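From a predicted model like this one, the values you see are computed outputs, not experimental measurements. For the numbers below, each heavy atom of this structure counts, side chains included, while hydrogens, waters and symmetry mates do not. The chains referred to below are lettered A, B, ... by the order of the sequence lines, with proteins before strands, and numbering in each begins at 1.
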Amino acid sequence: MPVPGTAAPLLPLPAPGRPSPLGHGFSNQRIPWLPGSQGSGHKHSLSRICAGISLLSQLSSCSQSSHRGWQRTLPGPCCLPPFGKGHVGAVSARCPVILPRLQLGAAALAMEFAELIKTAKVENVQLSCPQLPPVRGTLCITSHHLLLSSQPGANEEQGPLELWLLIRNVDSVEKRVANSMGTITLKCKDLKVLQLEIPGMEECLNIASSIEALSSVDSVMMMYPFFCRPRNMKLKDGWQLYPLQHYHQQIASQTDVWRLSCVNRDFAICRTYPPTVIVPASVDDNVLKKAARFRQGGRFPILSYYHKKNGMVMLRSSQPLIGPNKKHCQEDELLLSTVLQRGKRGFIIDTRSAQAAKQAQMMGGGTELRASYPHWKRLHRPLERGRPLQESFMKLVEACNDPSVSMDRWLSKLESSKWLAHVKGALSTACLAAQCIEREEACVLVHGAEGTDTTLLVTALAQVILDPGCRTLTGFQSLLEREWIEAGHPFHSRCAHSAYSHARLKQEAPIFLLFLDCVWQLGRQFPFSLQFSERLLLVLFEHAYASCYGTFLCNSEKERCLCETKEKTHSLWSWLNQPSEWKNLLNPLYTYNALVIWPSVEPQSLQLWQGLFLRWIRSSQYLDEAWAEIQRLQRNCEDGPEERSGCTLCHSQPDAAHPLPVTGTGNTG
Amino acid sequence: MTPPLPHGAGARARARVWVRSCSAAMEHIRTPKVENVCLIDRISSRKAAVGTLYLTATHVIFVENVSETRKETWILHSQISSVEKQATTATGCPLLIRCKNFQIIQLIIPQERDCHDVYISLIRLARPVKYEELYCFSFNPKLDKEEREQGWRLVSLHEEYNRMGVPNNYWQISDVNRDYQVCDSYPTEVYIPNSATAHIIVGSSKFRSRRRFPALSYYCKDNNASICRSSQPLSGFSARCLEDEQMLQAIRKANPGSNFIYVVDTRPKLNAMANRAAGKGYESEDNYSNIKFQFIGIENIHVMRSSLQKMLEVCELRSPSMSDFLWGLENSGWLKHIKAIMDAGIFIAKAVAEEGVSVLVHCSDGWDRTAQVCSVASLLLDPFYRTLKGFMVLVEKDWVSFGHKFNHRYGNLDGDPKEISPVIDQFIECVWQLMEQFPCAFEFNERFLIHIQHHIYSCQFGNFLCNSQKERRELRIQERTYSLWAHLWKNRADYMNPLYREDHNQTQGTLRPQTAPCNFLYKFWSGMYNRFEKGLQPRQSVTDYLMAVKEETQQLEEELEVLEQRLANLRKVQLNNRKENAKQQDRITHLGLSPAYNSIANTPQDYINGVKSFPSRSPSQGDEEDSALILTQDNLKSSDLDLSANSDQESGVEDLSCRSPSGGGCLPSEDSIRDPDSDEAVFLTV
């Protein structure tokens, strides 16, 4: 299964009901990620725990094998747990709950899915994946999981090994039938590739079509997070960790120029904004309502970031509806000019080219006219989005997976995917925004067309660059919550498919992945400045595409309310923030750094994110060992004369490990 | 490094000293000093420094006018690879100096005539015609004779072969080449199979290009397999040589565990075949019994030279797009060549370690590709070569002693430009690529490699002078110059890899790099080729940080031990221990890492392509380091230590924290706040 060393895709699970099996399973320790002891102290796992953005640049870390394994196992295999170290706890707890259910039979659990499952069980199936010995056993399809339990064999005193894959994680299913043997290749959204060899043509076709059907169920309410009930987590936990009110309080302690507005309660003004937003205090809700009508999708300019150091702000919105007749809107102008009181200057960063903005005008959109917004200067920084970005992602993954590419063609394939060019573009634009605020002491408004994709990419990245608070683990979660999830990035549509899907592209685009990649680049260039490691970024990538938690479900707050995700699913954050999980996400090298981190955006300084794109392809053993070594050194240092403490950061400031609950701004200062 | 002196007086004073010591060079200096020269920052042309340029017998020195910093940039003449005079502009006459350590200096000299003088002088100074003109003959690190001799004894090949386990029952040391009678590019001591008589050797040598007969490079005592090296046989289309065939038999017999040997020709097959027409060529399996012949296509020095050239052009591009860069890198073929060398090394290491088969390696003359491949294979096979000392031994063994033509390849003396080629640079890069893949396997760090590369070109130490051991002996190099190895060894603390541990599993046995899909494992080494552009490098050095952590832990442990001991003593003696304790307390606090660690200075880059830029990297960031690398005449200590450059400003552990692009401890952002207006210009153009 899984991969080379690093991660374990499927997870070998211990036998049902035995929470902490020592897997002797088929892997006999050859599969690194076998669930070993669940103890997290396990040397192996420890070492790989954190992922790293490390000096070695490619440490990949994900490997934590055992744990991951565990997790995956459980609930949602693929998706989530992989990383989980924290899981350990969670896992064992969960097992009993979930497993029994599954054992009762898929049918009972998921009647709704019964008709999609044409064959629920096949014996003697062989599962293989590059770099690991194949596993033979019984394949079961349940409503949300594909489960392979190994045949009882000679050396398996410990009971069968089970591998679980969340079916939602399957991106494409390819089948081949020959001589009454069928081969199904499952390409997953987290980029791993698995192969199943199934005796019997009919079974093969049935299994393939069951997986296809189950993986393409589009209804949010049918998804696994609504069924997943890990035992020691409470449903409501984690959903109110980062309320916008906290962020506003931080600002309010500095200035009273900004207020919380509930103008969007019931999502009446803008269906993609959250109910509360931060707006200039001197502008009343009626103005906002009118300004919203002048912006696509009602996304009027709202505060995205307040720079404590100089009081400058970053706003975001969607494009103004100028249209071919050059309409203008007094309220919108008022709103923006209010921001620039007292002689401040402003820059509007449009993430489209000037030409694209002009074309949009013909379609009713457009960009701010100079005359109407005299104090705002417009800059165009075209960023790729939508289909071209998705295609770039697909090409890159294809190049990485093509074993035939020789050395002389690898670089040109990498180049022709354009992915790194997109990374460079996104980072440069975010740096530009950050520079306007920090250096120019000006305010910034960012928008593209809809204001839900490249706009968020730029505003979120700029905050990581500017604000040390966003570089802590909680701060980063808070940033994601505020600038991606509540801000209405349509995760459901954008992450419906990953790089392997043959389905006709609809609205898929790896904007969020591009963001994670840029953050990884920052971490590589500033190895001490992010409190979290590469592992967190990998977890986020997986969960954005397939998850057993509800955090990334739906396209907007409004949809999430309708689906009641906050009542009926668990939050990813509450899982990540369990102490056991948390400590695996930390970067042992972290030291609080109050400065702005200006990255280099030259091509020489940007690298392919191997830990993600090559995660299942190259072995990361040696890099993991290096990572473990770094942790060891750091630990030794701490353990030295001082007493052992649970926290890994010896030289970080006291508040670093448990930073302010809300970060947006942290202590810049 | 050199203390700032009023208006370059220091530089001038030092220059005067050298003048005396090498007056020969003085006659080539048409103008010793030019004022109001502008040093351009290549990345952002807006940041230029005005200062005075000095030409000395050994260095070009640029001293900035700005009074508080008075930054100096030193460039050794021997590092200059080309000087280019460009068309005069309104501001003056631009002069571009490219260095062999990949530094690029762009100057604007106000007067065309001065520029011409500097140009003519540098052209000549950069191409000495006699060894005596080289820096190592005037370089004096203030060591006495004893110390110097000790330095030269640090690396002993005799000991190294003993370490490998030879001579033994299968291998003997031979004096057949005493006085270089058989082969003038070989060392006098060579190791050959026991069954090879002098007659066989001499016979074999006559059948090999430049008489470079098969000799032992590495012996694996675990299984008796060995790596031998030679030049190509003079086989033409059909010639044979009994002694040469016997020689190969002897090598096979020296490994009783195997009934054949591999003969690896590291050239592309086509090249080897072409050589047959000239009476050279390769071994035929028909004539040599029990050999398996294998081509491994590594291109020749001319291809490598132009490949590097192309890659450097890419590195030199100003704000290239991602496409420009990746295309350029691919078109240069550089990484492909690196991979070819690695593949050859991996093949040989596998044959020796896994199959237990001996290997004979050759190319044409057996001193370029053969040296690369043998040393890569040795490095993979033997953990000793991955230590600091072992690496020095390895270079000494496979490169220096076996007659790699350092003088010709690295252009130390003026010579045929077609002989120049980055052969050892490629080997050094192979080592770096391995370090990236096996972060815990090497005792040394990247800086060690970079400094070795620097000194191969600097001619500051005598190790790499000349083309062979014979020439070095004739020049009495060891009596007249100093050894680089001693210098590096003395400063070894700076070259340590904190992740290295003797008991770590990566430091045991053979390294087995991933071979299957592995294209992506070979990466552009910006730490080498763009090393003078600090803004492009990661801003925080994990290596230095961890090293400091490691040292601190060690110190603390030692402190603790000492303390405990003292405490025990104190108790015994019943002394009043109040005072003592307080003292210790102080020391501990003093040692603690401060959070200031992270106060990295950094400034924004150019985030705007094609448009006028933001003030980006600070003007001369890196200069301090440059000059550090450039080695001042009288200050060896600070000479090539990057660290030392910074330690001037801060001391102790903390100085690591300012290893940042702008080199100094200054707070990053302030630098550019000074000229916020420059940013504005950018926006206006939009």
Of all of B:His504, B:Lys550, B:Lys339, which one pairs up most often with chain A through heavy atoms under 4.5 Å apart? B:His504
Contacting moiety of B:Lys336, where chain A heavy atoms sit under 4.5 Å: both
B:Asn331 versus chain A, heavy atoms under 4.5 Å apart: side chain, backbone, both or neither? neither
Whether B:Thr507 side chain and B:Ala441 backbone form a donor-acceptor pair below 3.5 Å: no
Polar side-chain atom of A:Lys413 near backbone of A:Ala399 as donor-acceptor pair, under 3.5 Å: no
Side chain to side chain contact (heavy atoms under 4.5 Å, CB included) against A:His375, all qualifying residues, sequence neighbours excluded: A:Leu340
Greatest number of non-hydrogen atom pairs under 4.5 angstrom with chain B, of A:Lys418, A:Arg409, A:Glu441, falls to A:Arg409
Would you please name every residue forming a salt bridge (charged side-chain N to carboxylate O under 4.0 Å, His left out) with A:Lys395, sequence neighbours left out? none
